[in-house]
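Residue numbers start from 1 in every chain, and the chains themselves are labelled A, B, ... in the order their sequence lines are given, proteins ahead of strands.
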Protein chains: 2
Amino acid sequence: MPEFQLDKRLAAVGVQALDLPLSRVLVMDDCRWPWLVLVPRRPHAVELFDLDAADRVIFGEEYSQAGARLKTLTGCHKINIAALGNAVPQLHVHVVARRIGDAAWPNPVWGRGEAVPYAPQALEAFVAQVVHLF
Amino acid sequence: MPEFQLDKRLAAVGVQALDLPLSRVLVMDDCRWPWLVLVPRRPHAVELFDLDAADRVIFGEEYSQAGARLKTLTGCHKINIAALGNAVPQLHVHVVARRIGDAAWPNPVWGRGEAVPYAPQALEAFVAQVVHLF
């Protein structure tokens, strides 16, 4: 099997926080929303249905649990979970904490202009909290 | 267990095409994108992680297979799968067929103004195709 390599466009917008059994967990550097991206370490997977059924169950539990834990951590109102991939084909699932009145509410967060990076210490602190969630 | 009732706001924007073992499948009446919504018939579920693990596996297979079949039917370039629920809390997953150059490409389809309804016969024909997929 070819080796997994994270797409460079995903690597450019997030911090690689930790590896779960199947997924790499990235923290997006955009302080407008607490935002994780989970990337299953399976080369060439583009759609959820490209994974085999066993991987899909593991991956489903990973993004669902990431959502549950991010909701507890942030006290947000809603979790948005999405596999889009229109810009970056490598299979990845967004897990975004949403608050009523946030910078895009009630619309989705994608395509809302430039990311607003965290202050360096704030990013480091949030990544540490995310690592501690798992 | 209380009886499942489809949220009126979902019922207002789509046609109830069929029931899978767990989900009701709706066809959105918006001809800009071939677009299904799957609603697990579990009262009070809002987040994916509100389902129990067994239901989550079934639901994951249902929305994933719906995506695979919609891709085959439409010959689209990409399937977008998303659990958002910022406007309608009842747990539902969007399964949308996307084409390069479509009315929102490469952005998501949500929040793009008013739906463009199908001609009545075209909607009926598409619903029949969707029913035939399963």
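With chain B as partner, the option from G60(A), A83(A), G67(A), G111(A) having the largest number of non-hydrogen pairs under 4.5 angstrom is A83(A). Residue with the most contacts toward chain A among V93(B), I100(B), L48(B): L48(B) (heavy-atom pairs, distance under 4.5 Å). In terms of heavy-atom pairs under 4.5 angstrom with chain A, the leader among P89(B), A53(B), P108(B), A87(B) is P108(B). Contact tally against chain A (heavy-atom pairs below 4.5 Å) for I81(B), V57(B), L51(B), D50(B): the top residue is I81(B). Your options are G85(A), A68(A), P106(A), and the one with the most heavy-atom pairs under 4.5 Å with chain B is A68(A).
In this structure, K78(A) contributes its side chain and L84(B) its backbone to a donor-acceptor pair below 3.5 Å.
Both L73(A) and L20(A) are part of a single hydrophobic cluster, where members link through side-chain heavy atoms under 4.5 Å apart. Hydrophobic clustering of Ile, Leu, Val, Met, Phe, Trp and Tyr side chains at less than 4.5 Å, counting indirect connections, unites V15(A) with Y118(A). Taking hydrophobic clusters as Ile, Leu, Val, Met, Phe, Trp and Tyr residues chained together by side-chain heavy-atom distances below 4.5 Å, W110(B) shares a cluster with V109(A). Follow the hydrophobic side-chain contacts under 4.5 Å out from V39(B) and you never reach V131(B); the two are in separate clusters. Under the 4.5 Å side-chain heavy-atom criterion for ILVMFWY residues, a single connected hydrophobic cluster contains both L123(B) and L18(B).
E47(A) has no carboxylate O lying under 4.0 Å from a charged side-chain N of K71(B), or vice versa, which leaves the two without a salt bridge.
When heavy atoms are compared at a cutoff of 4.5 Å, V96(B) does not approach chain A at all. With a 4.5 Å cut-off on non-hydrogen atoms, Y63(B) touches chain A through its side chain but not through its backbone. Of the atoms belonging to V46(A), heavy atoms from both backbone and side chain fall under 4.5 Å from chain B.
The CZ atom of F49(B) sits 8.5 Å away from atom CG of L70(A), with the distance rounded to the nearest 0.5 Å.
Results of the side-chain hydrogen bond (donor to acceptor under 3.5 Å, both in side chains) test with N86(A) over N80(B), D102(B), N107(B) single out N80(B) as the only residue that passes.
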